[in-house]
A.B. asks: 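Right, I'll just put the structure down here and ask away after.
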Amino acid sequence: MGEEESFGKQTLGELEVHAIGNSRVGIGFLGLLLGIILLCWMLRQRQISKLREAHFQQNGGILLREQLSKRQGYREDVKVFTAEELDKATKNYNESRILGQGGQGTVYKGILADNQIVAIKKSIIGDPSQVEQFINEIMVLYQINHRNVVKLLGCCLETQVPLLVYEYITNRTFFHHLHNDDATSYLLWETRLRIATETAEALSYLHSAPSIPIIHRGIKLANILLDDNYTAKVSDFGASRLIPFDQAQITTIVQGTFGYLDPEYMLSSLLTEKNDVYSFGVVLMELLTGQKVVCFKRPKNRVLPMYFTSLMKEDRLLDILDPRVLNDENVEQLMEVATLARRCVRVKGEERPTMKEVAHELAGLQAMAKHPWSKSNLVSEESEYLLGKFPSTYDDGVTSSWIGMGYDSINNKITFELKGAR
Ligand SMILES: Nc1ncnc2c1ncn2[C@@H]1O[C@H](COP(=O)(O)OP(=O)(O)OP(=O)(O)O)[C@@H](O)[C@H]1O
């Protein structure tokens, strides 16, 4: 019994020693584990910062820094964002945040830490040879400060693909408002003319930019964004080019959207500011007719500039002016804009007007439209006219019958409801 007790005591003592030993081993093991985790974390952080540095270099960050330090006249309020900031702003580039997809990348809506809403363009460029082009785009946007050009707020170059951060434009594109499929409303002629004038002014500014003239190269309805007041904001400078003053033109790979592309540029690859004038002429034709640039329902004339000019030659332009905005009071004004549009798309670039002249002419027409004697400025009369005379068939055979119409004064639009549209 005594032996058993002493054996029990020995065993307890031994157990205590074991327990103390075990807990020391446990603490040691835990310490080692924490040490390993800390080491891994530090290595990972180093790896991440090395990767970011590599991305920054690969995305042309050093080149950009150098370029910016050399030049003057650039905006100083353009911010460099961190990858985390933009991850958070877009909820890790969540699909629900996609605003649109373009040839150059995807545009996401982002909400920054200070609640500012921004549009973030995530480039699809992964090719280092594109770096110079991307830097070129940032350089172009860095020097623009115009109320009718979308503002670049900053960029982020430490991610795998470069990111550009713009001011968020609330009211979609001119294309959407002119060609929206739901067709529950349409833009008044006065609004169309104002948007066109603002766009022309922005282009005129770009062509005579203070340091180096800029050619946009992608003017089309989809690249004219609109804010809540329907103010034009020219966007998408992905293809734009800076033209040094001593060079009137440069040679580039032909790039652009079919229908808007200057045929002279297509043949010669010579880029001049008159390329933008041509594209702008096509935009004018679209807002005059309400028709799309390329339409297979016009079998002989699928491309609008050809269709438009051929009808003008035959003195049949009235056949295609948008019946939703045309009335007795503004017909002359629409015809003047049509003549201007035709001059913009002349085959020879040198025969086209400059954007400055175009902007000037449009501003003059706009001022006349605002004149108190101009009846077309009176929305109620236009509504009456439209209610009484609006045809039941328009836009290449789209048939509609009316059930109601009204004026949306906030959005400056005539609104209507359709039944049986097909
Ligand atoms: N600053 C912005 N604010 C709000 N929405 C924007 C902004 N920038 C672009 N978007 C939206 O994202 C869409 C895609 O824009 P993006 O400029 O990349 O392409 P795109 O002009 O449609 O095409 P492409 O580049 O091929 O000509 C636009 O149509 C617009 O709806």
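Order of appearance sets the numbers: ligands from 1, and atoms from 1 within every ligand. Note that the structure is predicted; figures quoted are calculated from it, not measured. Numbers for residues simply follow the sequence, beginning at 1. Side-chain atoms are counted along with the backbone in the values below, which use heavy atoms only and exclude waters and symmetry mates.
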A.B. asks: Should the heavy atoms of other residues, nucleotides or ligands under 6.0 Å from CD of E332 be counted, would the total exceed 12?
C.D. replies: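 Counting neighbours around CD of E332, 12 or fewer heavy atoms of other residues, nucleotides or ligands fall under 6.0 Å, so no.
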A.B. asks: Please state which protein non-hydrogen atom is closest to atom 26 (O) of ligand 1 and give its distance, to 0.1 Å?
C.D. replies: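 Among all protein heavy atoms, the one nearest atom 26 (O) of ligand 1 is G103 N, 2.6 Å.
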A.B. asks: Would you mind running through ligand 1 and noting each atom that sits below 4.0 Å from a heavy atom of A119?
C.D. replies: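 Once the distances to A119 are compared, the set is 1 (N), 2 (C), 3 (N), 7 (C).
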A.B. asks: Is any side-chain N of the basic residue among E198 and R194 closer than 4.0 Å to the acidic one's carboxylate O?
C.D. replies: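 Yes, charged N to carboxylate O under 4.0 Å.
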A.B. asks: Among all protein non-hydrogen atoms, which one is nearest to atom 21 (O) of ligand 1, and what is the separation to 0.1 Å?
C.D. replies: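 Result for atom 21 (O) of ligand 1: N223 OD1, 2.4 Å.
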A.B. asks: List the atom of V277, the atom of P353, and the distance in Å for their closest heavy-atom pair.
C.D. replies: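 That closest heavy-atom pairing would be CG1-O, 3.4 Å.
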A.B. asks: Could you see which bit of L225 sits under 4.0 Å from ligand 1, with heavy atoms only: side chain, backbone, both or neither?
C.D. replies: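 Answer for L225: side chain.
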A.B. asks: Taking non-hydrogen atoms only, is E167 closer than 4.0 angstrom to ligand 1 via side chain, backbone, both or neither?
C.D. replies: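 Backbone only; the side chain of E167 stays clear of ligand 1.
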A.B. asks: Nearest protein heavy atom to atom 5 (N) of ligand 1, by residue and atom, and its distance?
C.D. replies: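 Ranking protein heavy atoms by distance from atom 5 (N) of ligand 1, first comes L99 CD1, 3.7 Å.
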A.B. asks: Looking at R343 and E357, does any basic side-chain N land under 4.0 Å from a carboxylate oxygen?
C.D. replies: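 Looking at R343 and E357, the cut-off is not met.
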A.B. asks: In this structure, does ligand 1 have an atom that sits under 4.0 Å from one of the heavy atoms of K121?
C.D. replies: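 K121: in contact with ligand 1 (<4.0 Å).
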A.B. asks: For atom 13 (C) of ligand 1, what's the nearest protein heavy-atom neighbour? Residue, atom name and distance, please.
C.D. replies: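 Result: G100 CA, 3.6 Å.
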A.B. asks: Yes or no on side-chain hydrogen bond (donor to acceptor under 3.5 Å, both in side chains) for R147 and Y205, after CA distance, side-chain angles and deciding distance?
C.D. replies: CA-CA 11 Å; R147 68 182 287 270; Y205 164 85; over 6 Å; no
A.B. asks: Which atoms of ligand 1 sit under 4.0 Å from any heavy atom of Y168?
C.D. replies: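 Heavy-atom distances to Y168 below 4.0 Å select 3 (N), 4 (C).
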A.B. asks: Would you call D236 and K121 a salt bridge, taking side-chain N to carboxylate O under 4.0 Å as the test?
C.D. replies: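 Between K121 and D236 there is a salt bridge, with a charged N closer than 4.0 Å to a carboxylate O.
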A.B. asks: So which of V107, I120, L226, L221 gets nearest to atom 12 (O) of ligand 1, if we judge by its closest heavy atom?
C.D. replies: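 The option holding the nearest heavy atom is V107.
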A.B. asks: Let me see the working for E286 and H179 under side-chain hydrogen bond (donor to acceptor under 3.5 Å, both in side chains), right down to the final yes or no.
C.D. replies: CA-CA 10 Å; E286 254 181 301; H179 300 307; 2.9 Å; yes
A.B. asks: Just let me know how I169 lines up against ligand 1, side chain, backbone, both or neither, with a heavy-atom cut-off below 4.0 Å.
C.D. replies: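 Contact part for I169 vs ligand 1: both backbone and side chain.
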A.B. asks: For D236, is at least one N or O under 3.5 Å away from an N or O on ligand 1?
C.D. replies: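 Between D236 and ligand 1, an N or O pair is found under 3.5 Å apart.
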A.B. asks: Would you say NE2 of H360 has more than 12 non-hydrogen atoms from neighbouring residues, nucleotides or ligands within 6.0 angstrom?
C.D. replies: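 No, the 6.0 Å shell around NE2 holds no more than 12 heavy atoms from other groups.
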A.B. asks: Could you tell me whether T170 approaches ligand 1 through its side chain, its backbone, both or neither, with non-hydrogen atoms closer than 4.0 Å?
C.D. replies: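 T170 to ligand 1: no contact under 4.0 Å from either part.
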A.B. asks: Side chain or backbone, does Y166 bring an N or O within less than 3.5 Å of an N or O on ligand 1?
C.D. replies: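 No, there is no polar N/O contact under 3.5 Å.
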A.B. asks: Which atoms form the tightest heavy-atom contact between H216 and L203, and what is the distance?
C.D. replies: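 Heavy atoms of H216 and L203 come nearest at CB-CD2, 4.1 Å.
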A.B. asks: Where do V345 and R352 come nearest, in terms of heavy atoms and distance?
C.D. replies: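 Scanning both residues completely, I find the closest heavy atoms to be C-NE, 4.2 Å.
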A.B. asks: For atom 28 (C) of ligand 1, grab the closest protein heavy atom and report residue, atom and distance to one decimal in Å.
C.D. replies: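 Closest protein heavy atom to atom 28 (C) of ligand 1: T173 CG2, 4.4 Å.
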A.B. asks: Should the heavy atoms of other residues, nucleotides or ligands under 6.0 Å from CG of N94 be counted, would the total exceed 12?
C.D. replies: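 It does: N94 CG has more than 12 such atoms within range.
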A.B. asks: Below a 4.0 angstrom heavy-atom separation, can you tell me which part of K220, side chain or backbone, both or neither, approaches ligand 1?
C.D. replies: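 It is the side chain that touches ligand 1; the backbone stays farther off.
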A.B. asks: What protein heavy atom sits nearest atom 19 (O) of ligand 1, and how far off is it?
C.D. replies: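 Here the closest protein heavy atom is G102 CA, 3.3 Å.
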